[in-house]
Amino acid sequence: MARLWATTGDGIARLDEAGDDWTVELFLRGSGAQCLAVDPTHADTAYAGLREGGLRRTADGGRSWDDCALPEPGVFSLAVSAAGGALYAGTEPSRLFRSDDRGASWRELAGLLELSSRPTWSFPPRPWTSHVRWIAPSPHDALLILVGIELGGLMRSTDGGETWQDHRPGAQPDVHSLAWHPHAEGRAYEAGGGGSAWSDDAGDTWHPADDGRDRNYTWSVAVDPEDPECWYVSASTGPFAAHGGRDPQARIYRRRGGEPWQALAGGLPEPLQAMPYALVAADGRLFAAFADGRLWESDDRGDAWRACTLRGDTLPTLNALAFTANS
């Protein structure tokens, strides 16, 4: 039986598989929880990033939560390194922090702010600021980290975050999400505001990948753990459609073997009634979490989909998702 963790923008939920259903328990209600990370070695340990309230950690499956005393209160991204176990937190305004003791203490990776592009970083809805939208530690190299600034670029460090390379060639500057392939060393993937891209040299250079899609505002990216040539993005026609709460004009796409993107349907609503904010591929399964709180699953790489039956607490929306083996 599997476990999923999800954020709603105002809380964090644990979804435990129970036969054909999922049991949902919602925590930190009213907290502004908007991003999350899970400990890959311990299914009961998860972290929730709050929009204005800092960072919380649970080590008992959500029954209790501790304040990790992050120096910045606005947490927009979290990651736990599968290679070294370090915990990373990204904030608004753009700052990056690292903890090597599960959030008990923090060190700022201030080298990120020394990049020459920093004065140009600007998030359009709040142009006076920016934030660290995504953190992607390599699962193969504990010193290799990719970071996406919204809006500012895709940055890369090869020394554990002490120094940084500025926006990487070929990548989208409006980074929304990043992923590494868990087995194919050096393969990385990006979904951004102007399209998608991939890298085969550990994120140093990137190749645009947009053919076959009729919408380029890509949001979430996921990759098949068994096949580095098979990956997925969710996409809309633009930010107003994606986040406006009405017709999202959205699709989920799959790319295989360098072929053009293919729109996936196979049981999904036509048209999609809500934005697919999070895609997760794990254990032979593909999950899509939607802005209306619905969760869909495919076990054949997106050809056919079924709605997951959720029992327990109601999920008003879903904006982030993570998979872990149940404890």
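On a predicted model such as this, the values are computed, not experimentally measured, just so you know.
Looking at every heavy atom in both residues, G62 comes nearest to F27 through O-CD2, 3.1 Å. The two atoms that bring G152 and W121 nearest to each other are CA-CD1, 3.7 Å, heavy atoms only. Scanning all heavy atoms of the two residues, the minimum distance from G160 to R98 falls at O-NH1, 3.8 Å. The two atoms that bring L264 and R301 nearest to each other are CD1-O, 4.4 Å, heavy atoms only. Contact record, V75 with L70: CG2-CD2, 3.6 Å, taken as the closest heavy-atom pair.
Using modelled atom types, one finds a donor on one side chain and an acceptor on the other under 3.5 Å when comparing S298 with D300. Side chains of S196 and R213: a donor-acceptor N/O pair is present below 3.5 angstrom, by distance only. A donor atom on one side chain and an acceptor atom on the other are not found under 3.5 Å apart for D16 and T23. Looking at D159 and S157, their side chains do bring a donor and an acceptor atom within 3.5 Å of each other.
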Check against salt bridge (Lys or Arg N to Asp or Glu O under 4.0 Å), D39 and R102:
CA-CA 9 Å; D39 187 327; R102 294 188 172 184; 3.2 Å; yes

Yes or no on side-chain hydrogen bond (donor to acceptor under 3.5 Å, both in side chains) for T8 and D10, after CA distance, side-chain angles and deciding distance?
CA-CA 5 Å; T8 68; D10 210 28; over 6 Å; no

side-chain hydrogen bond (donor to acceptor under 3.5 Å, both in side chains), that's the test. Do Q249 and T237 meet it? Break it down for me.
CA-CA 6 Å; Q249 300 175 31; T237 54; 2.7 Å; yes

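If you look at Y47 and W65, their ring centroids are not closer than 6.0 Å. A distance below 6.0 Å separates the ring centres of Y189 and W231. With ring centers used as reference points, H243 lies under 6.0 Å from Y217.
When the salt bridge (charged side-chain N to carboxylate O under 4.0 Å, His left out) test is applied to R126, the partners found at least two apart in sequence or on another chain are E92.
If you run side-chain contact (heavy atoms from CB on, under 4.5 Å) between R156 and each of D204, D166, T205, only D204 comes through. Here the rule is side-chain contact (heavy atoms from CB on, under 4.5 Å) with I12, and of L50, L26, L28 only L28 fits it. Remark: of the listed residues T218, V233, V175, V175 is the sole one forming a side-chain contact (heavy atoms from CB on, under 4.5 Å) with E190.
Between R285 and E17, at least one side-chain nitrogen of the basic residue sits less than 4.0 Å from a carboxylate oxygen of the acidic one, meeting the salt-bridge criterion.
Hydrophobic clustering (ILVMFWY, side-chain heavy atoms < 4.5 Å, transitive): L272 and V280 are in distinct clusters. No continuous path of ILVMFWY side-chain contacts below 4.5 Å connects L144 to I135, so the two sit in separate hydrophobic clusters.
E52 CD: 12 or fewer foreign heavy atoms inside a 6.0 Å radius. Annotation for D20: atom CG does not count as buried by contact number, only 12 or fewer foreign heavy atoms lying within 6.0 Å.
The stretch residues 140-162 participates, sequence neighbours left out, in no ring pair (Phe, Tyr, Trp, His ring centres under 6.0 Å) pair at all.
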